[in-house]
Structure formats: structure tokens, C-alpha cells
Colleague: 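Below you will find the structure I want to go over with you.
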Amino acid sequence: MSHRIHIADLLRCPTPGASTTVHGWVRSVRVSSEVAFIVLNDGSNLEGIQVVLERTRLPDFDNLCRITTGSALRVTGTLLPSPGARQQYELQIEELQVVGTADSHYPLQKKRHSLEYLRSIAHLRPRTNTFGAVFRLRSQLAQAIHRFFAEQGFLYVNTPIITASDCEGAGELFRVTALPPNGAPRNEGGEIDFYQDFFGRKTGLTVSGQLEGELFAQAFGDIYTFGPTFRAENSNTPRHAAEFWMIEPEMAFADLADDADLAAAFIRYLCRFALEQCSEDMAFFDRHIEQGLLQRIRSVAEADFARIEYDEAIRHLQQATVSFQFPVQWGLDLQTEHERYLTETVVGGPVFVLNYPKEIKAFYMRQNDDGRTVAAMDLLVPKVGEIIGGSQREERLERLLTRMQEMGVPREPLWWYLDSRRWGSTPHAGFGLGFERLVMYLSGMENIRDVLPFPRTPRHAEF
RNA sequence: UCCCCAGUAGCUCAGUCGGUAGAGCGGGUGACUGUUAAUCACCAUGUCCGUGGUUCGAGUCCGCGCUGGGGAGCCA
């Protein structure tokens, strides 16, 4: 297999006059009597490369001009400065081979399609400008996330995808079973007997890697997970999917302030990374997906991240001159409209809201001395509201047990989690970030189904 | 799961008061000496989502269903 040159690399380090071979798919064909232009794209960049066919150089010119949108080509030619205005270089063709043809039924036309239509042809949409940009950004961001944590000395841990703990309260589990759908063995009470199932117990797909992540933090100090996560909720919104990817760092010997420091550094790093390393695609998003995107991301990359207490946030909202659809009252959770008001109007930039009422937060969050709040934090950013949610964890065994009892969380299935508080427990903290929501935030795409390669949502698992 | 909106050509959509459907793009054919979603001319587009009903007559009105979108809840 010969080494294939990516078009992006070719254009990044051009050698004018050199003979070059590239491979890719036809985006556009423009034919005149003496010259024809084919825009070839191999996914490595947005623009692709313009290849030029001249009648005088190609005996087969008329036949080659019949090449259609969508065909796969292998072309050899000379890289030359382009006389055209829209590209610096172009490829003057000497040899052209059609690797795979595409007939006129090829669903992607040389025109703008709706995102809804492209969703129905998810197997072909990566060949469009928009989805090319989305999935290049997604790939680059995934690698940047690993680089960020690697630079900070974090250990990457793969927490289990199949789990037996369904008591995390984070949503409905998908069941994992090897029992036959009909005629599953029953126990004396008539219920399905999971003791006879593959794992000898009731299992499901993970809804969060946090609890296991905490265990690794108690051995390696700083860790993160980055993996698939599943929720069987019947949510039909632009922000929910049944299968998504989540990033969950966890730090031992750390408190809520350390947690916020990490989250701020993380978001700033990723904003800067996208602007600097994905500039062509980001400029495309700014032009075609969300006008003002670059300015929005730049301002976050350069911002000081403000910190306010939940109490303070409630007071701001109660004094607001605008009217909200949902009530504002101490003890109630913040709705998206409240979050956006805080970050967009009150602060005018990213803001952490700290220390929420314990009643609206999870059992594992550290109880504050005031007896009514826990050390939780949400990072709010303009346009979307909450983008990161985290907390300092309750490291004191007795306090944790009391809270679990109050909230009706059974302790027996979590014996291993509780053990981490029994021996060498440390103050520790972490947060969770939905990867797709990050990609949406940085690209301006407004539907989670358009930043997942093959989205899984209620009634949709076709591709 | 609840509320709202939509479904007409390959795609995006128009279709008036109920009288058997139209545009742009795309496709085909031809023209054009360098195009940039090329341009110009000509040609062909159809289970009007499905189903039941009202009516002399339904793309149009009504019921049910399916699909898509938006909002809510849940959350990442």
C-alpha cells in the first residue's frame, strides 16, 4: 500500500512544480470547452483541492468531463500556483483514474441541504462541508482533551461500560442481559432471576464513570475518564442522546476551589485549541453555522471565570428586571433561562455558581458546615448555560452514610465505594462534561444529533 | 412522556375560496477559452406521508396513525 498524501498536508507545505498524487471524492465539476475543474476532497481539510483538466493535455478530455459528483478519484498532476482567486494552489492533471463511480442518484448534491435531510443519510453526510468540519473538530478536540490531562499529569482510566450499580441516580439504565427475551428464568416470586444471568446479577450500561473514577483518584491522585455513557431516558430534545461521551476528571487532596480552577483551565485550553488548531473549520462555523461564534469563543478563552455563591445567584435573579418563566426561590434548581441571565447579563462571561442546596443535589456531594448546602459547582457560559457540573465529594464516611440514608440510597451495592472512605480517605473533587455538548458549544451546532457520527436517540439506531 | 408546528418532484419550498399540481436548485442534452454552489438554452420530473370519513368533487376540511422539527420535563 503506497503512502497516501493528504490534501491538507500537501497545501500546508506546497512544492510548486512537483508531481503529486492525491486521492479523494468529487465535490463539484465545472466544465467549459477547453478546460474543466474538479474540486476534490479527501476529508483532511475543508476546501479540498482544485484539479484542472485541459483539453490540450488530455486526449481523453471529453470522457473525463463526464465524471460525476461523489465519485472517488486518484489523480496525478503538477502542483501549480492558481491564477484563480479562491485558492493558492491547484493540481494540473496529467493522469486521472476513477476508483469508484457515483451515478446521478448520489443523494448529496452540489447545493445546500437541510441538516434534517442529512441526518436521514448519516452514512453519507461526513462527505459534506458541515459534517466534515464537525467531525474534524470532534476528533481534534478528543485528542486535545487527552493532551490537556496528560500535560497535567492525570491518569487516564477506562471505567467499566457494563455496570451493576444502578443507584447512581443519574438516569434510566439500559439493561444488559444474556437471558432469552422469552422464557427468562423466574425466581419463586415470579420475577426474572438475574442470578442465572451472565454476570449472576442485574447489570446495565454505565450512566457515569464517576464512582469508579473516585476509586482510582484514591490511588493515582489525579485521574480522568473519557468514554461512552448511556441513558435510556425517553428524551426527545436537541441536547439529549441515548449514547454519548463524557469526560470526568477526579482529583484527590482537592477541594471545590481546586475543582473550579481545573474546569476553568480546561475550558480555556479547549477554546484556545479550537481557535488555533482548527481555524479553517472554526471560520466555516462562524460563516455558515453561527455568526459571531469566533468572538464568543475568543471571549471565553480570554475571560476571567467569575465565582458566585448560589445564594448570591438567587438574589441576582430575584432583583432581575426581566421576568422568568420559572420561579426563582432559594431551594429550587436553576433553569436554563436563569443560568443564561447570570452568565450573559449579570456577569457577562463564564461564571461558576457554587454551593447549592443539598436537597437538589446528589448524595455523594460534600456537606457544608451550614447544614443546608453542598459543595457543588456549575460552570455557566453564555449561549447555553451550564456546560460543566461538578462537586467536592463527601469523604467522611459517617456523613456520607447519613446522607445516603436520608436520600434512600441503599448502601449494600455500594460497599466498595464506601470502602474508599474507610481507608485513607481524602478530600477530593471532580466534574463531568458531556463531550457532545462541548463540540456543540465550540462549533455552534444546535442539535446533538449533528455532532454524533451515528446518533442514538429514542427510536433511532439505524446506522 | 406532555404541548405546539410541519409532511407536495431527487432537494428546498409555493399551491388563493374545495374544482386532478408549480418554481428554484439538482438531473439529462447542447453551447461556452480559467471556473469557484460557473453561466446560458432546451428537456423530463409526482403513491401531494398512510388510512378512514365529509363532499358531485379533497393536496386543500375532519378523525386516527406514522415520520420529522421546536418547546417542556429529565439531564450531560
Side-chain angles (χ1 to χ4, degrees), chain A residues 27-39 47-56 61-62 65-66 68-70 80-87 90 92 102-121 128-129 168-172 206-210 225-248 288 325-326 333-337 339 360-362 378-379 384-390 431-441 446-452 457-460 462:
Chain A
R27 288 290 178 81
S28 158
V29 181
R30 298 182 287 271
V31 179
S32 324
S33 62
E34 299 301 314
V35 64
F37 302 91
I38 294 176
V39 175
E47 293 301 326
I49 192 166
Q50 171 162 283
V51 302
V52 185
L53 290 69
E54 291 191 349
R55 182 184 289 282
T56 53
F61 180 81
D62 285 321
C65 287
R66 293 181 200 284
T68 51
T69 305
L80 293 172
S82 175
R86 302 236 190 130
Q87 59 279 320
E90 61 189 20
Q92 178 79 53
D103 66 18
S104 64
H105 298 294
Y106 182 59
L108 291 172
Q109 299 172 2
K110 251 183 345 183
K111 57 166 282 193
R112 189 191 188 99
H113 290 288
S114 69
L115 295 174
E116 291 81 7
Y117 171 67
L118 293 172
R119 234 171 264 157
S120 73
I121 50 167
T128 63
N129 286 339
E168 295 161 19
E172 280 296 307
T206 182
V207 294
S208 165
Q210 182 199 314
T225 72
F226 184 3
T229 310
F230 307 87
R231 304 275 166 91
E233 302 285 356
N234 189 15
S235 302
N236 242 309
T237 85
R239 281 174 194 76
H240 292 84
E243 177 181 307
F244 61 99
W245 286 62
M246 192 151 62
I247 301 133
E248 294 175 291
H288 291 112
Q325 197 183 341
F326 289 89
D333 210 353
L334 302 180
Q335 299 290 328
T336 299
E337 58 173 350
E339 294 173 345
I360 57 173
K361 291 293 181 182
D378 283 353
L379 172 58
V384 300
E386 180 191 335
I387 191 163
I388 279 180
F431 63 78
L433 169 65
F435 183 46
E436 284 75 18
R437 292 192 179 173
L438 176 74
V439 178
M440 289 167 73
Y441 186 69
E446 291 190 334
N447 196 312
I448 197 166
R449 294 161 206 155
D450 296 330
V451 300
L452 278 154
T457 53
R459 301 187 310 284
H460 292 279
E462 183 163 29

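Residue numbering restarts at 1 for every chain, and letters A, B, ... go by the order of the sequence lines.
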Colleague: Any donor and acceptor pair, going by atom type alone, linking the side chain of A:Glu34 with main-chain N or O of A:Arg55 inside 3.5 Å?
Modeller: no
Colleague: Between B:A72 and B:G57, how far apart are the C1' atoms? Round to whole Å, please.
Modeller: 43 Å
Colleague: For B:U1 versus B:A21, give the span between their C1' atoms, rounded off to a whole number of Å.
Modeller: 39 Å
Colleague: P atom, B:C2 versus B:G65: distance in rounded Å?
Modeller: 11 Å
Colleague: Contact class for A:Arg459 (heavy atom, under 4.0 Å): base, sugar-phosphate, or nothing?
Modeller: sugar-phosphate
Colleague: For a quick check of understanding: with a heavy-atom distance under 4.0 Å over all strands, which category does A:Val39 fall into, base, sugar-phosphate or nothing?
Modeller: nothing
Colleague: Just name whichever nucleotide pairs with B:U45, Watson-Crick or G-U, keeping both distances under 3.5 Å, else none.
Modeller: none
Colleague: Taking the same atom, P, in B:C48 and in B:C3, what whole-Å distance lies between them?
Modeller: 30 Å
Colleague: With respect to the phosphate group of B:G69, does any side-chain polar atom (N or O) of A:Arg119 fall under 4.0 Å of OP1 or OP2?
Modeller: yes
Colleague: Classify the nucleic acid contact of A:Phe326 as base, sugar-phosphate or nothing, counting any heavy atom under 4.0 Å across all strands shown.
Modeller: sugar-phosphate
Colleague: Do the side chain of A:Ser235 and the base of B:C75 come within less than 3.5 angstrom through a donor-acceptor pair of N or O atoms?
Modeller: no
Colleague: Give a yes or no on whether a donor-acceptor pair under 3.5 Å exists between the nucleobase atoms of B:G34, that is its base, and the side chain of A:Glu90.
Modeller: yes
Colleague: Would you mind classifying the nucleic acid contact of A:Asn236 as base, sugar-phosphate or nothing, using non-hydrogen atoms under 4.0 angstrom?
Modeller: base
Colleague: Tell me what A:Thr237 touches on the nucleic acid: a base, only sugar-phosphate, or nothing, going by heavy atoms under 4.0 Å.
Modeller: base
Colleague: Do you know which two heavy atoms are closest between A:Thr336 and A:Val384, and how far apart they sit?
Modeller: CG2-O, 3.8 Å
Colleague: Quick check: on RNA chain B, is the nucleotide nearest A:Gln335 upstream (toward 5') of the one nearest A:Gln87, or the reverse? Name the residue that is more 5'.
Modeller: A:Gln87
Colleague: Using a 4.0 Å heavy-atom cut-off, does A:Ser82 contact any base of the nucleic acid, only the sugar-phosphate backbone, or nothing at all?
Modeller: base
Colleague: Assess whether one donor atom and one acceptor atom, taken from the side chain of A:His240 and the base of B:C75, lie less than 3.5 Å apart.
Modeller: yes
Colleague: Where does B:U35 land, syn or anti, given syn is within 90° of 0?
Modeller: anti
Colleague: Are A:Arg30 and A:Ser32 linked by a side-chain donor-acceptor pair shorter than 3.5 Å?
Modeller: no
Colleague: Give one of base, sugar-phosphate or nothing for A:Ile448, where a contact means two heavy atoms less than 4.0 Å apart.
Modeller: base
Colleague: Starting at atom CG of A:Asn234, determine the distance to atom P of B:G71, rounded to an integer number of angstrom.
Modeller: 16 Å
Colleague: Please give, in whole Å, the distance from B:C75 P to A:Glu172 CD?
Modeller: 12 Å
Colleague: Can you tell me the distance, in whole Å, between the CZ atom of A:Arg239 and the P atom of B:G69?
Modeller: 14 Å
Colleague: Check the distance between B:C2's P and A:Glu233's CD and give it to me in whole angstrom.
Modeller: 16 Å
Colleague: B:A58 and B:C11: how far apart are their C1' atoms, nearest whole angstrom?
Modeller: 27 Å
Colleague: Which heavy atom of A:Phe61 sits nearest to which heavy atom of A:Leu53, and what is that distance?
Modeller: CE1-O, 3.4 Å
Colleague: Does A:Glu90 have any side chain to side chain contact (heavy atoms under 4.5 Å, CB included) partners at least two apart in sequence or in another chain, and if so, which?
Modeller: A:Gln50, A:Val52, A:Ser82, A:Pro83, A:Gln87
Colleague: Return no unless some side-chain N or O of A:Ser28 is found under 4.0 Å from OP1 or OP2 of B:A37.
Modeller: no
Colleague: Please state the P separation for the pair B:A23 and B:A14 - nearest whole angstrom.
Modeller: 16 Å
Colleague: Name the pairs: protein N/O against N/O of nucleotides 24-27 of chain B, kept only if under 3.5 Å.
Modeller:
residue : atom : partner  : partner atom : Å
B:G26   : O4'  : A:Gln109 : OE1          : 3.3
B:G26   : O2'  : A:Gln109 : OE1          : 3.3
B:G26   : O2'  : A:Gln109 : NE2          : 3.2

Colleague: Base, sugar-phosphate, or nothing for A:Gln50, non-hydrogen atoms under 4.0 angstrom?
Modeller: base
Colleague: Applying a 3.5 Å limit to both distances, which nucleotide forms a Watson-Crick or G-U wobble pair with B:C56?
Modeller: B:G19
Colleague: Where do A:Thr225 and A:Gly209 come nearest, in terms of heavy atoms and distance?
Modeller: CG2-O, 4.3 Å
Colleague: What is the distance, to the nearest angstrom, from the CG atom on A:Asp333 to the P atom on B:A72?
Modeller: 15 Å
Colleague: Please work out if A:Ser32 contacts a base, only the sugar-phosphate, or nothing of the nucleic acid, heavy-atom cut-off 4.0 Å.
Modeller: base
Colleague: How long is the span from the CD1 atom in A:Ile448 to the OG1 atom in A:Thr457, to the nearest 0.5 Å?
Modeller: 10.0 Å
Colleague: Distance check needed: B:G73 P versus A:Glu337 CD, whole Å only.
Modeller: 9 Å
Colleague: In this structure, how many angstroms lie between the C1' atom of B:C75 and the CZ atom of A:Phe431, rounded?
Modeller: 18 Å
Colleague: Describe the nucleic acid contact of A:Arg55 in one word from base, sugar-phosphate, nothing, applying a heavy-atom distance below 4.0 Å.
Modeller: nothing
Colleague: What interatomic distance, in whole Å, is found between C1' of B:U60 and the corresponding atom of B:A6?
Modeller: 15 Å
Colleague: Which pair of heavy atoms, one from A:Met440 and one from A:Pro238, lies closest together, and at what distance?
Modeller: CE-O, 3.7 Å
Colleague: Under 4.0 Å, heavy atoms only, any strand: does A:Phe244 hit a base, just the sugar-phosphate, or nothing?
Modeller: base
Colleague: Now, which nucleotide makes the Watson-Crick or G-U wobble pair with B:A72, with each of the two distances under 3.5 Å?
Modeller: B:U1
Colleague: How far, in whole Å, is B:G22 from B:A31 if one measures between their P atoms?
Modeller: 31 Å
Colleague: When all nucleic acid strands are considered with a 4.0 Å heavy-atom cut-off, which category describes A:Ala241: base, sugar-phosphate, or nothing?
Modeller: base
Colleague: If you define the side chain from C-beta out and look only at heavy atoms, does anything of A:Leu108 sit under 4.5 Å from A:Thr128?
Modeller: yes
Colleague: Taking the side chain as C-beta and beyond, is there a heavy-atom pair between A:Met246 and A:Phe435 under 4.5 Å?
Modeller: no
Colleague: Students often get this wrong, so: under 4.0 angstrom with heavy atoms, is A:Pro238 touching a base, only sugar-phosphate, or nothing?
Modeller: sugar-phosphate
Colleague: Hydrogens and angles aside, do A:Arg239 and A:Asn447 bring a side-chain donor and acceptor to less than 3.5 Å of each other?
Modeller: no
Colleague: Quick one: A:Tyr117 OH to B:G69 P, roughly how many Å, whole number?
Modeller: 15 Å
Colleague: Please give the nucleotide sitting opposite B:A31 as a Watson-Crick or G-U wobble pair, both distances under 3.5 Å, or none.
Modeller: B:U39
